[in-house]
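Each remark here refers to the structure printed beneath this line.
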Amino acid sequence: MSSLTNNPPGQRELVYCHLCRDEWYRDEHGLVCPHCGGDFVEIIENTNDPRNHNPNLPEVFGVESDDEAGPAATYIRIESPNFSFTSTQRNFGSRTQQHSRGATAEAGRDGVHSNPDDMILELFTNMLRNIVGDAHAGGVGGATPETPSTGPEQGQTTGTGPTRSPVHPHTPMPSIFGPPPPVFRWPYDSSARLNPRDANSPQPHEETVLDLPTFLASFFGPGAPDTGGLLARVLGIPPGAGGDYVYSQADLDRVITQLMEQHQGNAPPPANKEVIESLPKIKVTAKMVADGQDCAICKEDLVKEEEVTKLPCNHTYHFDCVSRWLEAHDTCPICRHPVTPEDQRPAAPQSPGAPNRAQSTMWPFAHSVPSRHNRSSSSGPSPPSSGSPGDQGSGSGNRQIGHRWSELFRRRDNDRS
Amino acid sequence: MSLPKRIIKETERLVAEPVPGINAVPHDDNLRYFDVTIHGPAQSPYEGGIFRLELFLPEDYPMTPPKIRFLTKIYHPNIDKLGRICLDVLKGNWSPALQIRTILLSIQALLGAPNPDDPLANDVAQRWKEDEPAAIQTARDWTRTHAMV
């Protein structure tokens with residue numbers, strides 16, 4: 001922030017807020033907007049009045065080259081009795097950068113634009129596009145002076161000292177020192193970053209503008225500028241609408257699907273390892289083979305004299321098959337009876353009387369329980385909630401998860417609408 | 001990677017003894033990936049419709065459940081707009097003793113008995129609870145539009 005300005009001595013500095021377009025005298029309110037509290041402010045100078053721009057351009061008075069401005073730079077000056085507009089065009093290879101500066105418009109005070117919001121939005125979009133475009137072109141060497149501050153016109157400056165800025169000869173003195181008129185203003189453009197208005201007189205808040213390309217690059221990475229996406233962020237357009245939002249709909253769906261798949265909800269905890277190891281092993285009898293028993297996990301028919309593991313519920317499996325399952329979940333795959341004795345189980349909160357979801361559970365295994373292994377004969381008192389599969393699995397926990405998911409979906413849908 | 005014997009057996013049996021109203025055919029190039037069709041159960045709003053699903057047997061199947069998704073649009077409180085299915089046996093109630101055919105039967109049963117109290121598609125469930133006849137009519141309309149080709 002510089003205290004140096006190029007206004008003539010004795011003039012009070014007028015400060016302009018780019019956010020709310022308020023204006024005030026610097027000696028009264030300083031450099032923070034008294035209206036909106038923003039600090040995106042600029043001191044209005046003779047050579048740079050960020051406020052006024054009349055889009056209904058009057059006739060073009062003249063086009064001239066300016067060698068001092070660097071290679072292939074052209075000034076376009078547009079003037080009318082109450083309006084002047086000076087534009088600098090500069091070519092960077094094939095790219096053409098254009099900016100306007102020093103625009104004053106008495107005519108603009110009448111409010112030519114019928115919809116100020118549209119205009120502001122349009123200008124804002126252009127501003128972003130300029131900035132991103134410049135960054136993309138590698139033109140971040142923003143120190144390149146483009147303003148002809150040392151040109152032959154310097155003799156016509158209104159400044160009186162070495163710190164005074166030259167005024168472009170073709171830009172009439174704007175009448176900015178009276179009460180600020182309520183007009184539509186030029187919010188900003190990239191020229192402020194690439195082209196200091198006066199090399200001898202640093203401009204307020206210039207560093208903010210200089211940071212923008214870095215700021216944008218951090219969002220988009222090099223080579224992928226997207227003003228639309230930035231606009232979506234800045235203006236708060238909902239996710240998904242901007243097109244390149246991190247959480248695109250597809251991404252969100254994928255993540256949620258993954259979470260849903262990973263979520264095992266009320267799946268039973270692993271069985272005790274020692275209990276798994278100590279499960280009794282039996283030889284397959286001729287009767288078991290005759291009954292057509294198989295291992296329900298690998299679906300292989302049992303072979304006579306083969307060794308199988310018998311669970312407390314009397315269901316038999318290959319040891320390798322069932323131990324793999326029990327290490328993940330302490331239930332018999334067929335009847336869901338836990339193998340770990342009740343007193344060795346980790347305290348698992350079971351919600352008795354949980355609502356049943358029988359209609360969604362198909363339990364096809366009753367036939368595979370050998371008739372002589374009826375449940376009453378199995379080891380001691382049958383543990384609670386181990387009987388029919390329908391009793392388990394749709395406990396309150398499951399329901400809560402369901403509600404949470406549906407809440408998530410509802411929120412997402414709301415976001416989209 | 002070799003295909004576990006169990007998957008081969010299941011596939012053979014699905015072909016040899018098909019479940020009425022259910023069809024599951026593995027892809028030639030990926031025997032863990034099945035194209036599935038399920039006929040809407042009689043006396044349900046899905047009657048007459050043929051619903052396409054995709055089914056994938058993950059690496060550690062049958063220790064983890066198959067991944068199943070509706071491909072045909074369906075208006076059902078337990079099936080969301082991406083075709084994901086809210087079914088306990090596909091999640092925490094999975095057991096390695098279950099198989100493709102039993103899971104597909106469960107899904108067919110779910111079509112016959114929607115459960116709006118445990119919803120996945122919340123808007124559908126809400127409507128199902130508030131105005132069941134209207135919701136059933138919508139399900140019927142969707143069946144006609146999307147599942148009868």
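We name chains A, B, ... by the order of the sequence lines, and we start the count at 1 in each one.
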(message) When you measure from the side chain of R336(A) to the backbone of N93(B), do you find a donor-acceptor pair of N or O atoms at a distance under 3.5 Å?
(response) yes

(request) Pick whichever of E10(B), K5(B), M63(B) has the most heavy-atom pairs under 4.5 Å with chain A. (result) M63(B)

(message) Test your reading of the model: is there a side-chain donor-acceptor pair from K9(B) to the backbone of K299(A), 3.5 Å cut-off?
(response) yes

(request) Could you list all the salt bridge (charged side-chain N to carboxylate O under 4.0 Å, His left out) pairs where at least one residue sits in residues 267-277 of chain A, not counting sequence neighbours? (result) none

(request) May I ask you to check whether over 12 heavy atoms, not counting those of Q43(B), lie within 6.0 Å of atom CD? (result) no

(message) Can you confirm whether D28(B) is buried at CG, in the sense that more than 12 heavy atoms of other residues, nucleotides or ligands lie under 6.0 Å from that atom?
(response) no

(request) Would you please name every residue forming a side-chain hydrogen bond (donor to acceptor under 3.5 Å, both in side chains) with W325(A), sequence neighbours left out? (result) T331(A)

(request) Tell me, for C321(A) versus chain B, whether the close heavy atoms (under 4.5 Å) come from the side chain, the backbone, both or neither. (result) backbone

(request) For A97(B) and P333(A), work out which heavy atoms get closest and say how close. (result) CB-O, 3.5 Å

(message) Rounded to the nearest 0.5 Å, what separates atom CG in L98(B) from atom CD1 in I297(A)?
(response) 11.5 Å

